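Written out below as structure tokens is the structure these notes cover.
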Amino acid sequence: MAIIEAEPYPFEFDPARASLLIIDMQRDFLEPGGFGAALGNDVLLLRRTIAPTRRLLEKARAHTREGHRPDLADLPPAKKARGKLPTGIGDPGPMGRILVRGEPGHDIIPELRPLPGEPVVDKPGKGAFHATDLDAMLKNRGITQLIVCGVTTEVCVNTTVREANDRGYDCVVVADCVGSYFPEFQEMGLRMIKAQGGIFGWVASSEDVMTALPAMAP
Ligand code: TIU
């Protein structure tokens with residue numbers, strides 16, 4: 001057992017039961033011409049998360065990707081219609097069809113590219129547990145604690161942490177490894193998780209997680 005200095009109080013970290021979960025660090029969210037940009041966002045705001053996430057990745061790894069089947073059979077019509085976007089999910093853009101599996105924009109960004117054999121969970125929703133094998137994969141490996149990085153703080157990261165909390169996982173969200181297109185949502189997205197005695201989980205810095213990580217199995 002190791003301790004991660006975290007808010008609202010120190011996290012009792014059990015490396016044998018912990019997994020690093022990196023949410024949707026995809027070109028479609030972090031590079032110009034993808035879904036994040038189609039929504040009207042400055043995608044460069046998310047890039048400060050890359051270097052600290054890379055440092056954590058050298059210790060332990062598992063990724064998610066938001067995206068849909070090429071035939072869009074798993075895309076709810078409500079999700080497609082949302083925002084009335086001129087270029088939306090499934091439409092062609094500079095990085096291929098937006099948020100479609102197999103397209104360049106759907107790839108994890110090159111800086112964090114998964115290693116061969118590394119678990120990658122393809123998810124059609126914002127939460128990583130909805131319509132995926134993630135819960136079974138974690139349970140089969142005896143994982144009860146998640147160290148969570150990725151984008152965006154208030155959308156896919158928050159949704160996943162809430163889903164994980166309801167399924168009995170303890171989550172530590174790494175503040176400098178999660179990012180939002182909106183600074184106020186970054187702040188509030190983290191405050192919501194750790195408020196009320198850690199109602200959904202803990203928040204820690206990558207430095208404090210790194211200090212505890214040497215004990216974690218790769
Ligand atoms: N739009 C936005 O902030 N996020 C998403 O659509 N997906 C994820 O957060 N991955």
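Here, residue 1 is the first one in the sequence, and each next residue gets the next number. Indexing begins at 1, ligand by ligand and atom by atom, following the structure's order. Remember, it's a predicted structure, so these values are computed and weren't measured experimentally.
Contact annotation: the side chain of D166 never approaches that of R162 to less than 4.5 Å [non-hydrogen atoms, C-beta and beyond].
Close approach of ligand 1 to D24 is summarised as follows: ligand atoms under 4.0 Å from at least one heavy atom of the residue are 8 (C), 10 (N). Of all the atoms in ligand 1, the ones that sit under 4.0 Å from a non-hydrogen atom of L39 are 1 (N). Atom numbering of ligand 1 starts at 1 in the shown order; those under 4.0 Å from a heavy atom of C156 are 7 (N), 8 (C), 9 (O), 10 (N). Atoms of ligand 1 found under 4.0 Å from any heavy atom of F35 (numbered from 1 in listed order, with element): 6 (O). Within ligand 1, counting atoms from 1 as listed, the ones closer than 4.0 Å to a heavy atom of K126 are 5 (C), 6 (O), 7 (N). The atoms of ligand 1 that sit less than 4.0 Å from any heavy atom of V151 are 8 (C), 9 (O), 10 (N).
Residue L21 forms a side-chain contact (heavy atoms from CB on, under 4.5 Å) with just one option from L134, I147, V121, and that option is L134.
Ring-plane geometry between Y169 and F129 is classed as tilted, the angle between the planes lying from 30 to 60 degrees on a 0 to 90 degree scale.
With rounding to the nearest 0.5 Å, the separation of CG in L138 from CG in D133 is 10.5 Å.
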Per-pair distances, 0.1 Å, donor-acceptor, side chain in residues 36-44, under 3.5 Å, sequence neighbours excluded:
{"from": "N41", "atom 1": "ND2", "to": "G36", "atom 2": "O", "distance (Å)": "3.0"}
{"from": "D42", "atom 1": "OD1", "to": "L44", "atom 2": "N", "distance (Å)": "3.1"}

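Below 3.5 Å of separation, one finds an N or O of E66 facing an N or O of ligand 1.
In terms of hydrophobic clustering, with Ile, Leu, Val, Met, Phe, Trp and Tyr side chains grouped at heavy-atom distances under 4.5 Å, L20 and I50 are assigned to a common cluster.
For atom 5 (C) of ligand 1, the nearest protein heavy atom (residue, atom name, distance) is F29 CE2, 3.4 Å. Looking only at protein heavy atoms, the nearest one to atom 3 (O) of ligand 1 is T152 OG1, 2.8 Å.
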- request: Check step by step if side-chain hydrogen bond (donor to acceptor under 3.5 Å, both in side chains) holds for E118 and H63.
  value: CA-CA 8 Å; E118 187 166 301; H63 293 266; 3.1 Å; yes

